[in-house]
Each structure stands twice: as C-alpha cells, then as structure tokens.
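Numbered from 1 within each chain, the chains take letters A, B, ... in sequence-line order.
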Protein chains: 2
Amino acid sequence: MMELTRKGEYAIRGIIYLAQQPPGRVSLISEIAAASDVPQTFLAKIFQSFAKLGLVTSSRGTGGGFVLARPASAITLREVVEAVEGPILPNRCLIGNSCDRGGPCLVHGVWRTVQTEVVNILDGVTIETLARTRES
Amino acid sequence: MMELTRKGEYAIRGIIYLAQQPPGRVSLISEIAAASDVPQTFLAKIFQSFAKLGLVTSSRGTGGGFVLARPASAITLREVVEAVEGPILPNRCLIGNSCDRGGPCLVHGVWRTVQTEVVNILDGVTIETLARTRES
DNA sequence: CACCTTTAGGACCAAATTTATCCCTTTTAT
DNA sequence: ATAAAAGGGATAAATTTGGTCCTAAAGGTG
C-alpha cells in the first residue's frame, strides 16, 4: 500500500534531470524524456503541471523548453510529488475532517500522525540534495 | 496520494467491532457487516484474509462465526492494514531493492525512511487501543 | 441420515484509475 | 512564412478497485 504511481516516479526523475543541468540551461521535453527514460507525451503532461504550479518555467517556440523556476535547493520532494499525485492523505477522512458514520472515526488520529510524518520527511528533502546523491 | 482503500477502511472497522465484543463472543459476518456498515460479501473476503493470517479464528455451521485469534492488545493496526492492502511500500523499488535503470535510484533512501516511519507508527497502535478510543 | 446454518473459495463484473497516445492550437524565433 | 516548441483536450487500453453470485465444505441439530 501507499505506493507512488509511475507518474510520481517520472515526475521525480524528470525534475532531477533538470536540476542536474548547468544553471539556466533550457531543456527540451524530448531530451528530458529520453534521458529519464519516460514516455515523452506523458512527461509533457507532468511538466505542464510543474509549470502551472511554478516549479518550472516553460517557454515555447524555437529555443524554448524548461528550466527550474527556483534553485533546486528551494524545491522539495514533497512539492514535486504533490504536484502530480495530489496532497498526501493516507485516509479520505482527513479531507475536511469528515469521517461520517456519526462522530469522528477511531483511526483519525493515527492517520493524521502518518500524514504529518510523511509530509515532514518529504519536506526535508530538496531536489538539489537528490540531484547530488550518488546512491542509497 | 498514499490513500487507504475502502478495503482497508472496512478491515479496520470490522476488526474493531470484533474487539469491542465481550471476550470469547462469536460474531457472524452478517452481524459485523451490519454494525460496521460494510457490504457483507465484501467483508466476508476481508475476514477470510484475517483468518488465513491468524488474526481471527473462524468456525462454520450453526453457532459459527469469528473471534479474535489473539487479545486485541496483541494485534497491531499494521497487521490489519497489511493483511488486506499488502506490505507498506511507498515505492516499487523497495521490493528487493531493484530500482533498475542501472544503479539504485536517487530517492531510494527517502522512501525507505518513509516506509520505516509509517511502519513504526502503525506498529505502535493496537486494535485494543482503537477499540477503546472515544474520538480523535 | 437429512437438513439447516455458516464460512471458504472461485468466477465474474462494473466503475474508477492509471498509463498512456493523438491531434490540434498557440507561442516564439528565424 | 515557416519551423520549433509547449499547451490542452479527447480518446483509449490496461489495471485496480469494489463489489456480487454461486457452489462447496464444514459443523450442528432433530
């Protein structure tokens, strides 16, 4: 359970690739897709999300492509994951605290703890850190 | 992301109901389903899994039904969740450490941390605790 | 034994989600 | 103009989710 989907994996691979380019260097979606080993059209959708959320800057036409909108050290893994997978919510009842069935559910507190922990971990990892990691 | 499915929710509701019964009291699947507000045939499958894993004891025929196989204090939320949702694996690459694409993936360590944290949280909560919780 | 009750297990199915692909539009540089 | 790129919508196959249904097996009871 709790699995990241392909979309999430692709998103991470793609943005790490961008972070590994020389600062300011514009990358084509075709280039990122090839390097990250991700279907190009699918990755294009992912980067559209990134652009809408302000994680990357896109430009069209000749010489266009994608660049990080902020330093990689200012983009967290949480932002990247949530950009394509939505908010980290281990249980539906955490949305608006609506557990239904009369009264809050008994596991509410546990899931809130899980959510907080996972968010903290992912917030503590930047794309810069990942881009520099050699292994592990 | 990371959402528990209905199956997981139903599993938790069902086993908490069992834990709230007087010790040794046998419950019918129809009774548990009605009380937990879960489709009966679906819950039956869930309790089959519980029985196979030794979380509950089942008996057939007149007077049959389900009882906890151990004290509720000795059944963790993790066991219940994993019984129906499979192991807690935030990323596929944690299965056998096979990240593919030549070399371990850069996020491997992060996902392992997430996995460990979540497992620890869920291992720290017993069904007895949940059964006694009034709210939150 | 015959019959009823209850779980076990397999087959099946509809809906939702995932994992894409395709095509046309818009923007921009030359 | 034209070519190069991303933007955005429609579509679709595959997989997963969320069930249902039917028959079998096991265990009591008269």
Between A:T126 and A:T129, does the side chain to side chain donor-acceptor pair (under 3.5 Å) criterion hold? Intermediate values first, please. CA-CA 5 Å; A:T126 72; A:T129 305; 2.9 Å; yes

Roughly how far, to the nearest 0.5 Å, is CG of A:N120 from OG1 of B:T113? 12.5 Å

Backbone N or O of [Y] within a donor-acceptor pair of the [X] side chain at under 3.5 Å?
X: B:Q115; Y: B:I88; value: yes
X: B:E117; Y: B:V114; value: no
X: A:R78; Y: A:V119; value: no

In whole angstrom, give the distance that lies between atom [atom1] of [X] and atom [atom2] of [N].
X: A:Q48; N: C:dT19; atom1: CD; atom2: P; value: 18 Å
X: A:L55; N: D:dA6; atom1: CG; atom2: P; value: 17 Å
X: B:E31; N: C:dT6; atom1: CD; atom2: P; value: 11 Å
X: A:L53; N: D:dG7; atom1: CG; atom2: P; value: 13 Å
X: A:I46; N: D:dG7; atom1: CD1; atom2: P; value: 13 Å
X: A:D37; N: C:dT19; atom1: CG; atom2: C1'; value: 15 Å
X: B:R92; N: D:dT15; atom1: CZ; atom2: C1'; value: 11 Å
X: A:I29; N: D:dA5; atom1: CD1; atom2: P; value: 12 Å

Categorize B:F66 for me: base, sugar-phosphate, or nothing, with a 4.0 angstrom heavy-atom threshold over every strand shown.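 B:F66: backbone/sugar contact only, no base atoms under 4.0 Å.
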
Just by protein heavy atoms under 4.0 Å, how would nucleotides 19-30 of chain D read 5' to 3' in B, S and -? SB----BBBS--

Do the side-chain N or O atoms of B:S58 get closer than 4.0 angstrom to the phosphate oxygens (OP1, OP2) of C:dT6? no

Show the atom names and distances, to 0.1 Å, of all donor-acceptor pairs under 3.5 Å that link a side chain in residues 19-27 of chain A to residues at least two apart or in another chain.
from: A:Q20; atom 1: NE2; to: A:A131; atom 2: O; distance (Å): 3.1
from: A:Q21; atom 1: OE1; to: A:R25; atom 2: NH1; distance (Å): 3.0
from: A:Q21; atom 1: NE2; to: A:Y17; atom 2: O; distance (Å): 3.0
from: A:R25; atom 1: NH2; to: A:E31; atom 2: OE2; distance (Å): 3.0

